[in-house]
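Take a look at the structure set out below.
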Amino acid sequence: MSQTSSAPAGAPSSPHHIVAFDPGDLALPEVEHLARALAHSLAGARDICTYPVSEPAPHDCAVIALDVAADVATLLRAVREALVAHGAAAAGVAVWSADTGAIHTSGDLADVAGAVNALVARRDQTGGRAILFPGQDDLRGVLPIRDMLARSAITAVDSLGIPVDPDTLVVTRDFVRPVYRDGRLVLALRPRADAMGCFEQPDPTPCCAMH
Amino acid sequence: MSAHHEPGHEHGHEHYHEDTVGNAIAADAAADLAIAESDLSPAERSRRSFLTRMGLLGIAAGVAGIATPFAGAATAKASSAAPARALALDAVSGPESADDVQWLAGDHHIHTQYSPDALYRVMQQVEHAKLHGIDWMVITDHGGVDHQKYSVDLTYPDILASRAAYPDMLIFHGLEWNIPSAEHGTVFVAPGAGERDVLKMFEGSYDGTVNGWGSSSASHESHALDGLLFLRDAVTNGAVDDALFLANHPARKGLDSPHEIRNWRDTAPEIAVGMEGAPGHQAAGIPAPFGTGAGRGFYDNSPSANSFAAYPLESYLTHGGFDWMTAKVGGLWDSLLAEGKGWWISANSDSHTIWRDTWANTGSYTGGKWGDPIDTLVSNAGFGDFAPGQYSRTVVGARRRNYASVMAAIRAGRVWVSHGELIRSLQVTASSSDDHGATLGGTLVVRQGRDVKVRIEIGLNSGLNANGDAPRLRRVDLIAGPVTGPTTIPVAGITTGPDANRDGFSAPGTSVVRQWDISATKGKVVLTHTFENVDGPFYFRVRGTDGNVGGTATANDPTPPRMDPLGNSNPWADLWFYANPVFVATR
């Protein structure tokens, strides 16, 4: 893997809280919609990630990192109420606090495992696909890798072994979805004819297309 | 394997023969217990007797260090409660000589108006195939509730009418199976009284979409295996004369995990015989406004919750038009071959809508069918597929020009594939002083310490392909690796359970062992190589390219194919051929 890192700007501070929920059997676009709605109702969202889990059947959990301190019990209740309001009553919820380092959960044991896994992956920056992150709005059009790293929370790119340098252009299509990996927020790239593109495309041949 | 040579470029040993060299092609019918002894030539009978004495056939296969690619089939049938019946009904009477093999170009992945996302009448696709030099073809519309309920019955008379109209074309009836817990796959059966009913029953009982078994899970995986056993039993019970399954676009979305592929193959090795080495939709990377400007093969997806998590991101791309499982030297395909079991590759059109064609749907997809298409006289550059044979070909060495022989050749792995008619013909043989020879898919048995001579005879294409280009073969690569038995390579995150050692997808011992630059532009090229003093079982395979573009060298491969760029991958400027392997067993 070829990774180009940004200049060390100091690790970003830890979020105050990380909130994760497991919505059960829900399609990814709906999970994303629910997570954005929940983040909107909670103040101070820094980033939102989705995280795939395989039990009881393959689906995605969501994780929201918060920069605002709150009472954990209040937060759990607020998350629960927001999910109920959006029709996801059975969701397992997990909340982590930087102050105590403890993970609190709400929901049946079977429902919270996915949420806890997603939360831990985001906390340790080992997994999670960011659908919202600092600087995302500045990653539009065609940009050199240098600018993508400077303008956003992305800390590295993975170009699949294809040689790139900070001036290599990336066609963003205004759709950038980096993933947490090995303590970094990594943007995977794929080759285009005269540039690189984001690995994840906004309009992949659909999951349920018959092709 | 003791191969006395250095990896990397080597030149020379390139001989030109303007005439056809009458070289015996030793198809490995002798090792195929599915072929009745009465169907074998005297030489093949003698060879089978030898193989049996050496314990290389049947349940003793593993003892010799290399299973014949067919040993599992024999074992499975022997343990079946149903009376044994020859699965591979080859010619009624056996060929006198393997020279009788004729190479037939085909395509096992073709859609029609009976798919919700396709267009043509069956007869039109047959005519397209005929135009492009195809000898055999499989109609594979998508499995689904409506397809199962209506389309199978509707397709069948169209297929019968096409067979009557084009008696020279071998037209199989099949479907594109939504494999439970996995990707799509071609399932097809031999023509006969039961072909329609078996397909319909299979689809109703085992299609992942019909039954809601699409997502990845162990229970859904078991339904896939049940489906393969159903097909096996349909053959052993005589409901159909033959049936085959090949996985389609296997790496596209990371859905076909290594253990699933191994389980398909090992559960019904006589049915589950291979995968698409190259997917269809090869026009999808033609840049806009001339084409869709998507990814070659429509390989533009990312990992999902249903994907096998250990697959690397590059597996989601095509490489020189080929699926990563095949294109990666020392990768998934090689990890299967290194177990000494056959698993063969094909290359097909997946033709739904043909690039720049002027035809369009009418009506709506109701009752399992679109209305008959009409010619709008307006070319559609948004179509991402080629017609059958226009770009991709699966060429099989059939003993007779008939349905049974084509299926037997696919099962035997007597198959090579090409894009853009890069070459006209290919004959690969391995021989030694104590075995007369083996070809693609076959097994050569030699005493330890013997030399194994490889002969690759390539008919160059001095004409034009379907794009009006004169394709030029510029390099041929010989790839080889030891047969090491069942994989024991662990995969991160999978350490326990029955699949712990069945999810390996690397064969570190396999590499490009020799390369030839080709300067000739017409006639035949004969390349030879000797594996000296062989000390253990191994396999080799061959690929070639026009050499226009390439990727970054790896430890196993000095000149890998390029990862196809999104938005602009001209398929006509990046041509490859791949051959299935030849195994060498030692005694």
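Reckoned from all heavy atoms, side chains included, excluding hydrogens, waters and symmetry mates. Each chain gets a letter, A, B and so on, in the order its sequence line appears, and its residues count up from 1.
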Is it true that atom OH of B:Tyr365 has more than 12 heavy atoms of other residues, nucleotides or ligands lying nearer than 6.0 Å?
yes

Are any non-hydrogen side-chain atoms of A:Asp25 and B:Ser215 less than 4.5 angstrom apart?
no

Please state whether the side chain, the backbone, both or neither of B:Pro287 comes within less than 4.5 Å of a heavy atom of chain A.
neither

Check B:Ala305 against A:Val53 and note the closest heavy-atom contact, atom names and distance.
CB-O, 4.2 Å

If you compare all heavy atoms of B:Asp564 against all heavy atoms of A:Pro191, which two are closest, and at what distance to 0.1 Å?
O-CG, 4.1 Å

Nearest 0.5 Å please: distance from the CD atom of B:Glu314 over to the OG atom of A:Ser159.
10.5 Å

B:Leu566 side, atom CG; A:Cys198 side, atom SG - distance, nearest 0.5 Å:
10.5 Å

Heavy-atom closest contact (B:Met563 atom, A:Leu160 atom, distance)
CE-O, 3.2 Å

Checking heavy atoms, do the side chain of B:Ser216, its backbone, both or neither come under 4.5 Å from chain A?
both

Checking B:Leu317 against A:Phe199 for the side-chain contact (heavy atoms from CB on, under 4.5 Å) test, could you report, in this order, the C-alpha distance in whole Å, the side-chain angles of both residues, the deciding distance, and whether it holds?
CA-CA 10 Å; B:Leu317 281 66; A:Phe199 191 90; 3.4 Å; yes

Any side-chain heavy atom of B:Asn568 sitting closer than 4.5 Å to one from A:Arg192?
no

Would you say the side-chain atoms of B:Asp300 pair up with the backbone N or O of A:Thr205, donor to acceptor, closer than 3.5 Å?
yes

Atom pairs and distances, donor-acceptor, side-chain atoms in residues 31-39 of chain A, under 3.5 Å, two or more places apart:
residue: A:Glu32; atom: OE2; partner: A:Arg129; partner atom: NH1; Å: 2.9
residue: A:Glu32; atom: OE2; partner: A:Arg129; partner atom: NH2; Å: 3.0
residue: A:Arg36; atom: NH2; partner: A:Ile131; partner atom: O; Å: 3.4

Surrounding CG of A:Asp194 (heavy atoms of other residues, nucleotides or ligands, distance under 6.0 Å), is the total greater than 12?
no

Please look at A:Val171 and chain B and tell me whether the side chain, the backbone, both or neither of the residue comes under 4.5 angstrom of a heavy atom of that chain.
neither

Honestly, the part of B:Asn248 sitting under 4.5 Å from a heavy atom of chain A is neither

